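Counting starts at 1 for both ligands and their atoms, following the listed order. All values derive from a computational prediction rather than experimental measurement.
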Amino acid sequence: MNTNRTFTMLKPDSIEQGNMLPILNMIEAAGFKIIALKYKRMTRDEAEKFYSIHSDKPFFNDLVTFMTRGPIVAAALEKDNAVDAFRTLIGSTDPNEAEEGTIRKKYAKSKGENAVHGSDSDENAEIEISFHFDNEEIFS
Ligand code: DAT
Ligand code: MG
């Protein structure tokens with residue numbers, strides 16, 4: 001299993017606010033190689049599946065509605081220790097608790113609409129990358 005890959009989405013709030021390129025810039029400037037990239041709108045079905053681990057949470061319906069209200073940018077990223085390094089770059093789930101200089105501190109408005117997704121483990125990174133990309137769409 002690869003331990004140098006992670007998966008991200010630039011969420012609809014980032015796209016709506018014109019932050020697609022600034023966020024991609026921060027990701028590249030932090031040393032991540034973008035090995036797959038897609039601009040798409042998720043269906044409700046896809047979003048429910050992607051976030052199925054949260055299906056019993058009170059915020060699940062709002063989360064799915066938010067994630068499907070407009071397009072997202074999905075990307076697979078490569079860097080040493082990618083999962084942890086990317087979680088550090090994006091900061092805490094709640095932007096009010098995120099460190100200075102993190103993507104969420106800079107661009108997220110709330111815990112619910114928090115600009116970016118980042119995988120939480122190597123195992124989930126692989127699952128999430130293959131959820132959005134076929135092998136021939138990955139340039140590693
Ligand atoms: P993260 O995205 O930092 O991995 P998570 O996996 O716990 O956080 O939750 C997934 C997403 O669900 C999160 O990015 C935003 C939303 N969410 C989590 N907790 C929430 C809460 N208490 N209220 C509203 N939305 C929440
Ligand atoms: Mg998570």
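- A donor-acceptor contact shorter than 3.5 Å is absent between the side chain of E113 and the backbone of S110.
- Considering backbone and side-chain N/O of Y51, none are found under 3.5 Å from N/O of ligand 1.
- Contact between L63 and ligand 1 is present, with at least one heavy atom of the residue lying under 4.0 Å from the ligand.
- The side-chain heavy atoms of D13 and R69, taken from C-beta on, include a pair separated by under 4.5 Å.
- With hydrogens and angles disregarded, a donor-acceptor distance shorter than 3.5 Å links the side chain of R104 to the backbone of V116.
- Nearest non-hydrogen protein atom to atom 15 (C) of ligand 1 is K111 O, 3.2 Å.
- Protein heavy atom nearest atom 10 (C) of ligand 1, with residue, atom name and distance: H54 NE2, 3.5 Å.
- Here ring-ring contact (aromatic ring centres under 6.0 Å, His included) pairs that include residues 67-87, with residues two or more places apart or in two chains, are F32-F86.
- With hydrogens left out, the protein atom closest to atom 17 (N) of ligand 1 is F59 CE1, 3.4 Å, a heavy atom.
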Using the side-chain contact (heavy atoms from CB on, under 4.5 Å) rule, take M42 and H132 through it: C-alpha gap first, then chi angles, then the decisive distance, then the call.
CA-CA 10 Å; M42 284 196 288; H132 284 276; 3.9 Å; yes
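- In terms of modelled atom types and a separation under 3.5 Å, the side chain of K79 and the main chain of A30 share a donor-acceptor contact.
- The shortest N/O to N/O separation between K11 and ligand 1 falls below 3.5 Å.
- Remark: the backbone N or O of L89 is not paired with any side-chain donor or acceptor of T102 at under 3.5 angstrom.
- Only the side chain of R87 comes within 4.0 Å of ligand 1, counting heavy atoms alone; its backbone N, CA, C and O stay farther away.
- Only the side chain of N114 comes within 4.0 Å of ligand 1, judged by heavy-atom distances.
- Heavy atoms of R104 found under 4.0 angstrom from ligand 1 belong exclusively to the side chain.
- Of the protein's non-hydrogen atoms, T93 OG1, 2.5 Å is the one closest to atom 3 (O) of ligand 1.
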